[in-house]
Amino acid sequence: MRVRVLPDEASAVALVADRLCEILAAKPDSVLGLATGGTMEPLYAELVTRFRSGHVSFAQAKSFNLDEYVGMGPDHPQSYHHFMQRRFFDHVDFQPGANHLPDGASPDPAQAADAYEASIRDAGGIDLQILGIGRNGHIGFNEPHGSLCSRTRVETLAPSTREANQRFFSEDQTPPRQAVTVGLATIMDARRVILLATGQDKNWAVHAALEGPVSTRTPASVLQTHPDATIVLDRMAASALEFEDRHALA
Ligand code: PGA
């Protein structure tokens with residue numbers, strides 16, 4: 001696991017965008033694993049800017065997002081389908097049908113989860129998985145104390161996750177209790193993984209994931225055993241690392 005600590009959010013985002021663009025330049029038909037959440041908003045803005053200036057094309061790529069809320073159709077303004085459409089897909093050149101998210105609105109979400117896992121496999125697996133991290137150490141919606149070997153499935157969200165995501169909902173709405181998420185084993189199958197964490201509120205999760213034991217307590221800690229994982233942090237997200245000198249500023 002490589003750890004890169006950048007001085008601020010903008011340079012951390014730029015580094016992740018650089019890597020993603022390099023991978024697409026080397027393999028234009030890459031299968032990208034994509035993430036949602038506040039951390040990803042500046043990354044998608046940066047990728048849209050690079051696309052508009054002709055530095056990257058997604059025309060041959062495919063994408064699979066990590067998760068979707070159960071019970072939310074693609075047109076729901078808080079759905080991750082809607083987030084991806086508005087923040088990214090509407091502004092770049094993916095071909096119709098190239099973007100995939102779990103079907104949270106399916107009458108049978110467990111079956112939809114199995115179908116999603118199979119569709120990732122059928123696409124040849126993920127070349128590059130982009131991840132954020134929750135304050136409780138989750139990746140995707142793989143909450144603490146699940147299985148390290150999990151596959152795409154329906155997951156019950158931790159109270160702290162619903163609380164953290166309340167900021168995306170209006171006062172009279174609460175985040176759903178369940179989501180369809182790819183599993184930790186699905187993430188570990190990706191050929192490369194880049195986790196981006198910015199801001200002080202992620203520093204304990206980052207410390208636990210990088211310097212704690214590999215444990216279901218901190219799902220992101222499983223990345224310690226991934227053969228090609230890069231953790232990209234700004235200074236604030238790195239501020240609780242005990243062995244910070246090992247992760248000198250990039
Ligand atoms: P955030 O979410 O980027 O909105 O903090 C990250 C996550 O929960 O994985």
Side-chain angles (χ1 to χ4, degrees), residues 6 8-10 12-13 15-17 20 32-47 64-70 72 77-84 86-88 101-102 104 126 128-146 150 152 155-170 173-184 186-188 190 193-210 216-223 226 229-234 236-240:
L6 282 296
D8 52 31
E9 179 190 74
V13 164
L15 181 68
V16 176
L20 196 148
L32 303 174
L34 298 178
T36 51
T39 311
M40 297 300 144
E41 291 178 16
L43 176 63
Y44 294 131
E46 175 69 19
L47 291 171
F64 287 87
N65 262 79
L66 286 167
D67 42 22
E68 179 57 283
Y69 290 118
V70 166
M72 276 195 186
Q78 268 76 42
S79 72
Y80 287 156
H81 280 79
H82 194 259
F83 176 104
M84 292 304 297
R86 201 170 24 116
R87 300 264 171 203
F88 191 35
L101 286 91
I126 305 286
L128 170 65
Q129 177 66 58
I130 303 290
L131 296 172
I133 184 170
R135 283 183 289 181
N136 65 0
H138 74 204
I139 47 177
F141 270 136
N142 293 283
E143 302 287 26
H145 307 301
S150 57
T152 307
E155 172 74 305
T156 298
L157 304 186
S160 64
T161 296
R162 296 182 68 228
E163 199 180 295
N165 287 2
Q166 181 66 50
R167 71 190 197 281
F168 297 113
F169 290 76
S170 60
Q173 288 181 313
T174 51
R177 292 180 183 281
Q178 291 188 313
V180 177
T181 181
V182 304
L184 292 177
T186 322
I187 291 170
M188 290 295 286
V193 175
I194 300 179
L195 184 148
L196 171 64
T198 54
Q200 180 129 20
D201 66 339
K202 298 295 172 63
N203 66 358
W204 284 104
V206 165
H207 159 67
L210 273 56
T216 59
R217 171 73 194 80
T218 308
S221 64
V222 73
L223 298 176
H226 192 282
T230 304
I231 314 298
V232 179
L233 308 171
D234 67 0
M236 299 307 278
S239 58

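Whatever order the structure lists ligands and atoms in, that order sets their numbers, starting from 1.
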Asker: Can you say whether the rings of Phe141 and Tyr80 are parallel (under 30°), tilted (30 to 60°) or perpendicular (over 60°)?
Answerer: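 Parallel.
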Asker: With side chains defined as the heavy atoms from C-beta onward, is the minimum distance between Met188 and Val193 less than 4.5 Å?
Answerer: no
Asker: Taking only non-hydrogen atoms of Arg135, do any sit less than 4.0 angstrom from ligand 1?
Answerer: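 False for this residue.
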Asker: Looking at ligand 1, does any of its N/O atoms fall within less than 3.5 Å of an N/O of Gly132?
Answerer: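 No; every N/O pair is 3.5 Å or more apart.
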Asker: Between Arg162 (side chain only) and Pro175 (backbone N and O only), is there a donor and an acceptor less than 3.5 Å apart?
Answerer: yes
Asker: Would a distance-only check, ignoring hydrogens and angles, find a side-chain to backbone donor-acceptor pair under 3.5 Å from Glu155 to Glu143?
Answerer: yes
Asker: Compute the minimum heavy-atom distance from Met40 to ligand 1 and say whether it is under 4.0 Å.
Answerer: no
Asker: Among Ile139, Asn142, Leu157, Asn65, whose side chain to side chain contact (heavy atoms under 4.5 Å, CB included) with Thr181 holds?
Answerer: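 The single option meeting the side chain to side chain contact (heavy atoms under 4.5 Å, CB included) with Thr181 is Asn142.
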Asker: How far is atom 5 (O) of ligand 1 from its nearest protein heavy atom, and which residue and atom name does that atom have?
Answerer: Lys202 NZ, 2.6 Å
Asker: Does Arg217 have more than 12 heavy atoms from other residues, nucleotides or ligands lying within 6.0 Å of its CZ?
Answerer: no
Asker: So is Glu41 touching ligand 1 or not, going by heavy atoms under 4.0 Å?
Answerer: no
Asker: So which heavy atom in the protein is nearest atom 3 (O) of ligand 1, and how far is it from that ligand atom?
Answerer: Thr39 OG1, 2.5 Å
Asker: With only distance considered, is Arg167 within less than 3.5 Å of ligand 1 through an N or O on each side?
Answerer: yes
Asker: Starting from atom 7 (C) of ligand 1, what is the nearest protein heavy atom, named by residue and atom, and what distance separates them?
Answerer: His138 NE2, 3.4 Å
Asker: In the protein, which heavy atom is nearest to atom 6 (C) of ligand 1, and how far is it?
Answerer: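 The answer is Ile133 O, 3.5 Å.
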Asker: Report, in ascending order of atom number, the atoms of ligand 1 lying under 4.0 Å from any heavy atom of Gly37.
Answerer: 3 (O), 4 (O)
Asker: Look only at the side chain of Glu41 and the backbone of Thr36, and say whether a donor-acceptor pair between them is shorter than 3.5 Å.
Answerer: no
Asker: For ligand 1, which atoms have a heavy atom of Gly38 less than 4.0 angstrom away?
Answerer: 1 (P), 3 (O), 4 (O)
Asker: Check whether any side-chain N or O of His226 sits under 3.5 Å from a backbone N or O of Ala190 as a donor-acceptor pair, and report yes or no.
Answerer: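 Checked: pair present.
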